[in-house]
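What follows is a single structure, written as structure tokens, with notes after it.
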Amino acid sequence: MDVSPASTWQAMNFSILHEPGIPVVALAPLYDVLSTIALELSDSTGQPMRADTHLGQRVGGQADIRKVTAASLIDEAVTWGIRRRTASAVVTETLDQVLAAIPATSGDARVLAVIREQAERISRG
């Protein structure tokens, strides 16, 4: 995908932006992203089901979203050519911002609680 003048590299529904001549990589706005682990699913008989936590693409070698940690995210970024120190700073800052935004975010309290729990779990590594 070309969004001139910046170039974009896409990994599933996450993209990064890189402006020509500027040595900074930024996360593009997220799109088509949904946390499915908070869904209350039921089968055809009405029995509760667990949400599928299998990722469509491995992240830092992990195929299950419940096993992805900050280290997994950093390892994945390194495979994309991002410096480990930079990746670590971005992962930490993003998790901090997610956790800080939750109290002021309107929406389903149960879904927000799952997002908070996941962000905290990832932060703890």
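Count residues from 1 along the sequence.
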Query raised in the report: What distance do Ile74 atom CD1 and Arg85 atom CZ have between them, rounded to the nearest 0.5 Å?
Result: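 CZ of Arg85 is found 13.0 Å from CD1 of Ile74.
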
Query raised in the report: Which distance, rounded to the nearest 0.5 Å, do you find between the CZ of Arg124 and the CZ of Arg121?
Result: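 It comes to 8.0 Å.
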
Query raised in the report: Residues two or more places apart in sequence or in another chain: which of them pass side-chain contact (heavy atoms from CB on, under 4.5 Å) with Val68?
Result: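 Partners of Val68 under the side-chain contact (heavy atoms from CB on, under 4.5 Å) test: Leu55, Val59, Gln62, Ser72, Leu73.
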
Would you please name every residue forming a salt bridge (charged side-chain N to carboxylate O under 4.0 Å, His left out) with [X], sequence neighbours left out?
X	result
Arg66	Asp64
Glu120	Arg116
Asp75	Arg84

N/O donor-acceptor pairs under 3.5 Å from side chains in residues 94-115, not counting sequence neighbours:
unit_1: Thr94; atom_1: OG1; unit_2: Val90; atom_2: O; d: 2.8
unit_1: Gln97; atom_1: NE2; unit_2: Glu93; atom_2: OE2; d: 3.0
unit_1: Thr105; atom_1: OG1; unit_2: Ala101; atom_2: O; d: 2.6
unit_1: Asp108; atom_1: OD1; unit_2: Arg110; atom_2: N; d: 2.8
unit_1: Asp108; atom_1: OD1; unit_2: Val111; atom_2: N; d: 3.0
unit_1: Arg110; atom_1: NE; unit_2: Glu40; atom_2: OE2; d: 2.9
unit_1: Arg110; atom_1: NH1; unit_2: Ala38; atom_2: O; d: 2.4
unit_1: Arg110; atom_1: NH2; unit_2: Ala38; atom_2: O; d: 2.7

Query raised in the report: Taking only residues two or more places apart in sequence, or in another chain, which ones meet Ser42 in a side-chain hydrogen bond (donor to acceptor under 3.5 Å, both in side chains)?
Result: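 Ser42 satisfies side-chain hydrogen bond (donor to acceptor under 3.5 Å, both in side chains) with no other residue.
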
What closest approach, in Å, do [X] and [Y] show between heavy atoms, and which atom pair accounts for it?
X	Y	result
Ala70	Val91	CB-CG1, 3.9 Å
Ala28	Leu17	CB-CG, 3.8 Å
His18	Val24	CD2-O, 3.4 Å
Gly60	Glu76	N-OE1, 2.8 Å

Query - Qualifying residue, where the test is side chain to side chain contact (heavy atoms under 4.5 Å, CB included) with Asp52 and the options are Met49, Arg50, His54 - result: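 Testing Asp52 for a side chain to side chain contact (heavy atoms under 4.5 Å, CB included) against Met49, Arg50, His54 leaves exactly one candidate, His54.
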
**Report entry** More than 12 heavy atoms from other groups under 6.0 Å of CZ on Arg83
**Finding:**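 Not buried by this count: 12 neighbours or fewer within 6.0 Å.
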
